[in-house]
Protein chains: 2
Amino acid sequence: MTKLDEKDRQILRVLSRDGRISNLDLAEKVSLSPSACLRRVQALEAAGVIAGYRAVLDPAKLGVGFIAYLSVGLKEHTKAAQEAFERAVARAPEVRECHNITGNVEYLLRVEAADLASYKAFHTDVLGALPQLSTISTHVVMASPKDERA
Amino acid sequence: MTKLDEKDRQILRVLSRDGRISNLDLAEKVSLSPSACLRRVQALEAAGVIAGYRAVLDPAKLGVGFIAYLSVGLKEHTKAAQEAFERAVARAPEVRECHNITGNVEYLLRVEAADLASYKAFHTDVLGALPQLSTISTHVVMASPKDERA
DNA sequence: GTGTGTTTGCAATTTCATTGCGCCGGTCGC
DNA sequence: GCGACCGGCGCAATGAAATTGCAAACACAC
């Protein structure tokens, strides 16, 4: 993959909105023949520009009624402590995202749980079991006016 | 859609990892015939459990080298101020997510930009143009050890 | 046990993805 | 300027997959 041209960007725009559009429809949307279009998509996949495809699920329909972002600070900033924390987070299904950020705290987590009660359980059982944590603050999501990565 | 059974959950699990798996392969993975499997998928889509499909793009390959989360506080907490802010955010392509959260500040944003310079431009031109903001703090993402919603 | 409403698997049909091939436009070397 | 070369395109043929009708298997309720 040398460089993305306007057609490639168009394809990516469409696919990031509808990852399961048929190649035929996609080709029409970007004004290409199906074969040319498919070849571009394959090239984008091979180049890693398209990292994969996902179904977007509705949390509410799955019984997830509690979503929060957590700022988490560690006691020690050693490599070992960070790795231990990241391992724990990787294992916890409630944690959908974990970002290592700059600022007062080291991590920002996105946590999804069924309700406040199961969030509390997560807080106690998962977070409470980690000795390396110093500060935790919970920010409950009340709404997401924009969520393009949903 | 009455209720999700184990097969449905299995299907959702597979599709959220690989949204473009062929129905044939999916059917095999969940031990169903292709037709039965497809009908379940269609039902899940119709019920809104599957809200859609997306291609996951690699930000780095697209020239996005700067990702940050921003805590944003408003001066006034009026409905009008919130709506104005949300409208502005909806228009800004750099903002990929905007969550209305509890805590010291009202909003948490995820912003993606090409580099620090273009982030600064966003900060000045977009955020600087909003009179209703009181506090902004930027948390640069250094890494994302877990990002299931990517 | 029988009726009712679902869900399944099979098989036929249609639609789609995929690939080989020749064509066109642009580029480079001479 | 001219011809060989390269990259990308569309067309058409091929094979694979999605989709649907239908009858059997199943699950319950009565």
Side-chain angles (χ1 to χ4, degrees), chain A residues 1-65 93 114 148-150, chain B residues 1-65 93 114 148-150:
Chain A
M1 205 90 212
T2 47
K3 197 89 169 76
L4 303 181
D5 63 12
E6 191 44 46
K7 283 265 191 266
D8 288 323
R9 272 187 289 273
Q10 235 178 310
I11 288 175
L12 294 175
R13 218 169 3 243
V14 174
L15 282 180
S16 63
R17 294 218 140 277
D18 180 3
R20 250 195 163 181
I21 188 174
S22 81
N23 181 57
L24 237 51
D25 292 345
L26 175 58
E28 188 180 358
K29 269 187 197 264
V30 302
S31 311
L32 273 179
S33 75
S35 59
C37 180
L38 180 62
R39 270 184 273 252
R40 274 169 182 268
V41 172
Q42 289 172 333
L44 289 167
E45 289 170 353
V49 179
I50 297 176
Y53 298 90
R54 298 202 164 171
V56 179
L57 309 185
D58 181 341
K61 298 263 168 70
L62 290 170
V64 170
E148 293 183 353
R149 306 197 327 141
Chain B
M1 205 89 211
T2 47
K3 196 91 169 73
L4 303 181
D5 63 11
E6 191 44 45
K7 283 259 190 274
D8 288 324
R9 271 187 289 274
Q10 236 178 307
I11 289 175
L12 294 175
R13 219 168 5 241
V14 174
L15 282 180
S16 64
R17 294 219 138 278
D18 180 3
R20 251 196 162 180
I21 188 173
S22 80
N23 181 57
L24 237 52
D25 293 345
L26 175 59
E28 189 181 358
K29 269 188 198 262
V30 302
S31 310
L32 273 180
S33 74
S35 58
C37 181
L38 180 62
R39 270 183 270 249
R40 274 170 182 267
V41 172
Q42 289 171 334
L44 290 167
E45 290 171 352
V49 179
I50 297 177
Y53 299 89
R54 305 206 154 165
V56 180
L57 308 185
D58 181 342
K61 297 264 168 69
L62 291 171
V64 170
E148 292 182 353
R149 306 197 326 143

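Predicted model, so just to flag it, every value in this text is computed and none were measured. Convention: sequence-line order gives letters A, B, ...; per-chain numbering from 1.
The separation between A:Asp25 atom CG and D:dA18 atom P is 15 Å, rounded to whole Å. The separation between A:Lys3 atom NZ and D:dG8 atom C1' is 18 Å, rounded to whole Å. Between the CG atom of B:Leu15 and the C1' atom of D:dA18 there is a distance of 14 Å, rounded to whole Å. In this structure, B:Leu4 atom CG and C:dT7 atom P are separated by 12 Å, rounded to whole Å. Atom CG in A:Leu24 sits about 15 Å away from atom P in D:dA18, given to the nearest Å. Rounded to a whole Å, the CG atom of B:Asn23 is 12 Å from the P atom of C:dG9.
The phosphate of C:dG9 (OP1 or OP2) has no side-chain N or O of B:Arg39 nearer than 4.0 angstrom.
Side-chain proximity of B:Gln42 to the nucleotides D:dT19, C:dT18, D:dA17 is greatest for D:dT19. In this structure, the nucleotide among D:dC9, D:dT19, C:dA17 sitting nearest to the side chain of A:Leu32 is D:dC9. Side-chain proximity of B:Arg40 to the nucleotides C:dT7, D:dA18, D:dC9 is greatest for C:dT7. Between D:dT19, D:dG10, C:dT8, one nucleotide has an atom nearer to the side chain of B:Leu38 than all others, and that is D:dT19. Of the listed nucleotides (C:dT8, D:dG10, C:dT19), D:dG10 has the atom at the smallest distance from the side chain of A:Ser33. Among C:dT19, D:dT19, D:dA17, the nucleotide with an atom closest to any side-chain atom of A:Ser35 is C:dT19.
Annotation: side chain of B:Leu4 is in contact with side chain of A:Leu62 (closest heavy-atom distance under 4.5 Å). Counting only heavy atoms from C-beta outward, the side chains of A:Tyr53 and B:Arg17 never approach each other to under 4.5 Å. Side-chain atoms of B:Val14 and B:Ile21, non-hydrogen and from C-beta on, do get closer than 4.5 Å to each other.
The distance from atom CD1 of B:Ile11 to atom CG of B:Leu32, rounded to the nearest 0.5 Å, is 6.0 Å.
Both A:Ser31 and A:Arg20 sit near DNA chain D, but only A:Ser31 has its closest nucleotide nearer the 5' end.
With salt bridges taken as basic N to acidic carboxylate O contacts below 4.0 Å, one links A:Asp5 and A:Arg40.
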